[in-house]
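The structure appears right after this line, and notes come after that.
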Amino acid sequence: MSALKTVRGLVEAGLVKEESGLDAVAEKYAISITPAVLALIDPNDPNDPIARQYVPAPEELVTTAEERADPIGDLTHSPVEGIVHRYPDRVLLKAVHVCPVYCRFCFRREMVGPQGLGTLTAGELDAAIAYIAAHEEIWEVILTGGDPLVLSPRRLHVIMEKLAGIAHVKVVRFHTRVPVVEPKRIDAEMVEALTASGKTTYLAVHANHPRELTALARTGFDLLIAGGVVLISQSVLLAGVNDDAETLAALMRGFVENRIRPYYLHHPDLAPGTGHFRVSIEDGQRLVTALRGRISGLCQPTYVLDIPGGHGKADIGAAALVGSDGCFTVRDWQGGEHAYPPVGD
């Protein structure tokens, strides 16, 4: 069975009704639901938290004034195609802009998919690698996208070999949904392609609900760990998916039980058409506070906001200040202060 990529396919799978009116959404934002994800969805539950993440909704056509096509400012810090250099000692390498699934809350939804920015050409990849080689302050390279693990093991091996030749790069990190949404791609060949001599490989597993941590996913996690890959987590705090303490606790425990260190819990970004997923910073802070004492310290993620405009991440567990107008003032890593709007404005 192949992934569902059309409204017609969703109708035939019983995920949406014939008269859903989703054609306009499909024209604007890519759709893809893998068989592994489909197997997790309860089509009889109108509030299914897995379906909510992957099945398109009419609300995606509603764009509010504060939403941005590039909500975290990638393009502001892109010196060459495929590179984002926001912090001194690390860069993003976006080799590909396609994914096995398309999350409805994606902060790069304007850039990914069949009509997105595509895959780097051989020349563009060489230019990106040359940039990394020329900047000796770069200690870590983070492969993101799109999902880098949609690339074949052969192509991933080529990238890792290029990075292996750069002495000042010590850590390579992959951000991916693949172990959860297409777990059969994680095999011995894939694991070998993710490692290179002289480099430490980290892999950030993106999952937002404990049901995503299936037995098949566990098999992939075990292969990655046995192959020397260190696993960390990333999740997004999403209304109707995981915005309650019990679900978040189960998710973080699930990560730890699978030898995945909880890392980031992201506040949802101001991407177009994602307002129905956003929670308030106040509610997010309450949820993170509720985790303290409820679950082991091993299970505690860092609650972060990517400050709009490209100013980087801020730990907002307690660092955001409420102004008299109800907006938050968030401090970036350089001490700058930035206003962040409340939900609904």
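- Considering OG of Ser32 and OH of Tyr54, their distance stands at 10.5 Å, rounded to 0.5 Å.
- Between Pro58 and Leu22, the closest side-chain pair of non-hydrogen atoms falls below 4.5 Å.
- Scored by the side chain to side chain contact (heavy atoms under 4.5 Å, CB included) test, Val256 finds Pro262, Leu298, Cys299 as partners (sequence neighbours excluded).
- In Tyr131, the OH atom is crowded: over 12 heavy atoms of neighbouring residues, nucleotides or ligands sit closer than 6.0 Å.
- Note that the SG atom of Cys103 and the CD atom of Gln53 stand 6.5 Å from one another [nearest 0.5 Å].
- Here Gln300 contributes atom CD and Ile295 contributes atom CD1; the two are 4.5 Å apart, rounded to the nearest 0.5 Å.
- Under the side chain to side chain contact (heavy atoms under 4.5 Å, CB included) criterion, Thr219 pairs with no residue at all, not counting sequence neighbours.
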Below 3.5 Å, can you tabulate the donor-acceptor pairs from side chains in residues 40-48 to any protein atom, sequence neighbours excluded?
residue	atom	partner	partner atom	Å
Asp42	OD1	Asn44	N	3.0
Asp45	OD1	Asn47	N	2.9
Asp48	OD1	Asp42	N	3.4
Asp48	OD1	Arg211	NH1	3.4
Asp48	OD1	Arg211	NH2	2.9
Asp48	OD2	Ile50	N	3.1
Asp48	OD2	Ala51	N	2.8

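- Atom NZ of Lys199 sits in a crowded spot, with more than 12 heavy atoms from other residues, nucleotides or ligands closer than 6.0 Å.
- Taking both residues in full, the closest heavy atoms of Pro100 and Thr34 are given as O-CG2, 3.4 Å, listed atom of the first, atom of the second, then distance.
- Evaluation of the ring pair (Phe, Tyr, Trp, His ring centres under 6.0 Å) test over residues 163-182, restricted to residues two or more places apart or in two chains, returns none.
- For Pro308, the side chain to side chain contact (heavy atoms under 4.5 Å, CB included) partners two or more places apart in sequence, or in a different chain, are Arg68, Leu270, Tyr340.
- Considering all non-hydrogen atoms of both residues, Pro268 and Val279 come closest at CG-N, 4.1 Å.
- Annotation: ring pair (Phe, Tyr, Trp, His ring centres under 6.0 Å) contacts of His77 (sequence neighbours excluded): none.
- Side-chain contact between Leu194 and Leu149: present, with at least one pair of heavy atoms (C-beta onward) separated by less than 4.5 Å.
- One hydrophobic cluster, built from ILVMFWY side chains closer than 4.5 Å, cannot hold both Leu92 and Leu125; they sit in different ones.
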Donor-acceptor list for residues 153-165 side chains, cut-off 3.5 Å, not counting sequence neighbours:
residue	atom	partner	partner atom	Å
Lys162	NZ	Asp126	OD1	3.1

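- The salt bridge (Lys or Arg N to Asp or Glu O under 4.0 Å) contacts involving residues 253-268 comprise Asp222-Arg259, where partners must be two or more places apart or lie in separate chains.
- Considering only residues two or more places apart in sequence or on other chains, Glu192 meets the side chain to side chain contact (heavy atoms under 4.5 Å, CB included) condition with none of them.
- Separating the CG atom in Leu237 from the CG atom in Leu248 is a distance of 6.0 Å, to the nearest 0.5 Å.
- Taking all atoms of both residues into account, the shortest heavy-atom contact from Val7 to Ala26 is CG2-CB, 3.8 Å.
- One distance of note links CD of Gln234 with CG of Leu265; it measures 11.0 Å at 0.5 Å rounding.
- In this structure, the separation between OG on Ser152 and CE on Met190 is 8.0 Å, given to the nearest 0.5 Å.
- Considering only residues two or more places apart in sequence or on other chains, Arg90 meets the salt bridge (charged side-chain N to carboxylate O under 4.0 Å, His left out) condition with none of them.
- Judged as a ring pair (Phe, Tyr, Trp, His ring centres under 6.0 Å), not a single pair has a partner in residues 204-245 (not counting sequence neighbours).
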Exercise. Verify side chain to side chain contact (heavy atoms under 4.5 Å, CB included) between Ile132 and Ile83, making sure each step is shown before the conclusion.
Key: CA-CA 9 Å; Ile132 295 168; Ile83 292 287; 3.9 Å; yes
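- The local environment of CD in Glu59 is crowded, with over 12 non-hydrogen atoms from other residues, nucleotides or ligands closer than 6.0 Å.
- The hydrophobic cluster containing Phe277 also includes Phe105, Val236, Leu238, Val241, under a criterion of side-chain heavy atoms closer than 4.5 Å among ILVMFWY residues, counted directly or through chains of members.
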